[in-house]
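Please read the structure below before turning to the comments.
Computed over heavy atoms, backbone and side chain alike; hydrogens, waters and symmetry mates excluded. Chain identifiers are assigned alphabetically (A, B, ...) following the order of the sequence lines, protein sequences preceding nucleic acid strands; residue numbering begins at 1 within each chain.
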2 protein chains.
Amino acid sequence: MRDHTTTADPDQQQAGIPLFPSPDHAHHRCRNAALQHAARVCKSHGLRLTRLRRQTLEMIWKSHRPVKAYALLAQLSVQRKLAPPSLYRALHFLEQQGLIHRLRSTRSFIGCSHPATTPHSGQFLICIRCDTVAELPGLPITPGTQRTATSLGFAIDRATVEFLGQCQTCRTLAP
Amino acid sequence: MRDHTTTADPDQQQAGIPLFPSPDHAHHRCRNAALQHAARVCKSHGLRLTRLRRQTLEMIWKSHRPVKAYALLAQLSVQRKLAPPSLYRALHFLEQQGLIHRLRSTRSFIGCSHPATTPHSGQFLICIRCDTVAELPGLPITPGTQRTATSLGFAIDRATVEFLGQCQTCRTLAP
DNA sequence: TGGCTGATTGTTACAATATACCATAAGTGG
DNA sequence: CCACTTATGGTATATTGTAACAATCAGCCA
């Protein structure tokens, strides 16, 4: 799996953050912003951003790439001994607060890049070659889908919307 | 998990097949149609619908409900001893031919209800209480999504679009 | 402070899902 | 028939995730 990033068409960007972050961006800002946002969210909901939860979130935000649960487990276990249930509980918590997303296609987790919007599921472009992910802005439930669901009496709770394919760089390198 | 079905709004239906099939429909027709379609598809692509693949498809089409791999394995093992790799190979084959879908949210497999359309990923409403699934007509990749992907140079290969929630019956029974 | 209470984490064990790898068999074209 | 490709068998193991119960921690109030 190759490792690289691409910059999006400017008018597809949001608040200056490219969908595929460029490799030379000041990443510590992303991580700090995510942590601060997490603190705010927890405080406003009367929830506790405990050490485990914070460290888990920090570890996920080491990069913009998706991370597997057992990789996280290994990394976090360097500092503190940690068993799977503890980590999964932290992951579920963070996901419920909309601070991270779980990518079902690749069984991995990634920090939420658009946490400003109301609690949401995201929609993602996932490169099957280099694993890079872009979280698309906007809601994954289209009006048409919502209409169909409503006509069936179906109440949508959450969405899993993931598009697998190849990013520009991977296609260029070996089309 | 409760077991039931709902009938869709007529104008959301396709070729007379409700999105949530009614419990009293002539299901053997669905199964037969699926098997015949599978035979046609394989023949036209020069692929072999072997005994294992056919039996796997038949077993999946016992109902319109999603089935877990290891449940299939147990059922198929009644007739023939079967190890996981053999079953997974058959499942991968059937999925690649667009004959079944893999539901990532629930780690299960279901027969494709709209096999007529070109090789496609589907989009699904999945009830988290009774496990009933509706495969929505239409393509899961909207023009907007396609536009964004194109502008990023991202080539979408396949989509996972699943909406989890509660179906009408489950909401009525215990809202 | 000290104890109560609910939330959080620790720990063990195990369930559930999926694949690597190599051997064997079955179909296919010469 | 042979050589070749495709498909299946079978063992073992990797990977992902959870159940159940014990221990601990944070906040609160007498």
Side-chain angles (χ1 to χ4, degrees), chain A residues 1 38-39 41-43 45-57 59-60 66-97 99-110 128 131 160 162, chain B residues 1 38-39 41-43 45-60 66-97 99-110 128 131 160 162 164:
Chain A
M1 195 184 297
V41 166
C42 288
K43 187 154 195 175
H45 290 63
L47 300 168
R48 289 159 53 199
L49 187 60
T50 61
R51 190 168 77 108
L52 174 59
R53 291 167 178 173
R54 186 172 30 73
Q55 287 184 344
T56 302
L57 187 59
M59 200 58 86
I60 288 176
V67 196
K68 300 232 155 196
Y70 274 69
L72 271 178
L73 196 59
Q75 290 165 17
L76 287 169
S77 291
V78 173
Q79 306 181 326
R80 48 154 74 208
K81 191 173 178 303
L82 197 59
S86 297
L87 174 60
Y88 276 101
R89 279 187 296 238
L91 290 171
H92 293 332
F93 173 85
L94 295 172
E95 189 188 11
Q96 283 215 321
Q97 307 318 315
L99 301 172
I100 65 174
H101 290 294
R102 176 180 210 147
L103 302 177
R104 299 262 170 195
S105 302
T106 53
R107 289 147 186 253
S108 56
F109 299 84
I110 193 169
I128 54 179
D131 220 34
T160 298
E162 304 173 12
Chain B
M1 195 186 298
V41 166
C42 289
K43 188 153 195 176
H45 291 63
L47 300 169
R48 290 157 53 198
L49 186 59
T50 62
R51 192 168 77 108
L52 175 59
R53 292 167 176 173
R54 186 172 32 72
Q55 286 184 345
T56 302
L57 187 59
E58 278 176 9
M59 200 59 87
I60 288 175
V67 195
K68 300 231 155 195
Y70 275 68
L72 271 177
L73 195 61
Q75 290 165 18
L76 287 168
S77 292
V78 173
Q79 306 179 328
R80 48 155 75 207
K81 191 171 179 309
L82 197 60
S86 299
L87 174 60
Y88 276 101
R89 279 186 296 240
L91 290 172
H92 293 333
F93 172 85
L94 295 171
E95 189 188 10
Q96 283 216 319
Q97 308 317 314
L99 301 171
I100 65 173
H101 290 294
R102 177 180 210 149
L103 302 177
R104 300 263 170 192
S105 303
T106 54
R107 289 147 187 253
S108 55
F109 299 84
I110 192 168
I128 54 179
D131 219 32
T160 298
E162 305 173 11
L164 276 71

query: Just how far, in rounded Å, is C1' of D:dA26 from CG of A:Leu47?
result: 14 Å
query: Sub-3.5 Å donor-acceptor pair from the side chain of A:Lys43 to the main-chain atoms of A:Leu49, do we have one?
result: no
query: Which salt bridge (Lys or Arg N to Asp or Glu O under 4.0 Å) pairs, counting each pair once, include a residue from residues 46-58 of chain B, with sequence neighbours left out?
result: B:Arg54-B:Glu58
query: Between B:Thr50 and D:dT8, is there a side-chain N or O to OP1/OP2 distance below 4.0 Å?
result: yes
Spacing of A:Leu87 atom CG and A:Gln55 atom CD [to the nearest 0.5 Å]: 11.5 Å
task: For A:Leu87 and D:dT18, give me the distance from atom CG to atom P, rounded to whole Å.
output: 11 Å
task: Provide, to the nearest angstrom, the distance between the CG atom belonging to A:Leu103 and the P atom belonging to D:dG17.
output: 11 Å
task: Figure out the NZ/P separation between A:Lys81 and D:dT24, and round it to whole Å.
output: 15 Å
field: Pairing residues for B:Val67 by the side chain to side chain contact (heavy atoms under 4.5 Å, CB included) criterion, not counting sequence neighbours
entry: B:Ala71, B:Leu72
statement: B:Gln97 CD to D:dT6 P, in whole Å, measures 14 Å
query: Nucleotide by nucleotide, 5' to 3', does protein get under 4.0 Å of the base (B), only the sugar-phosphate (S), or neither (-) in nucleotides 18-30 of chain C, counting heavy atoms?
result: BBBB-----S---
message: Whether A:Arg51 contacts C:dT9 is assessed here as follows: a side-chain N or O lying under 4.0 Å from the phosphate OP1 or OP2. Is that the case?
response: no
- prompt: Between B:Leu82 (CG) and D:dT8 (P), how many Å, whole number?
  reply: 10 Å
query: Which whole-number value in Å describes the distance from A:Phe93 CZ to C:dT9 C1'?
result: 14 Å
task: Check the distance between D:dT8's P and B:Gln55's CD and give it to me in whole angstrom.
output: 11 Å
task: Please answer whether the main-chain N or O of B:Arg104 pairs with a side-chain N or O of B:Glu162 as donor and acceptor at a distance below 3.5 Å.
output: yes
- prompt: Got a second to check how far A:Leu99's CG is from A:Phe93's CZ, nearest 0.5 Å?
  reply: 7.0 Å
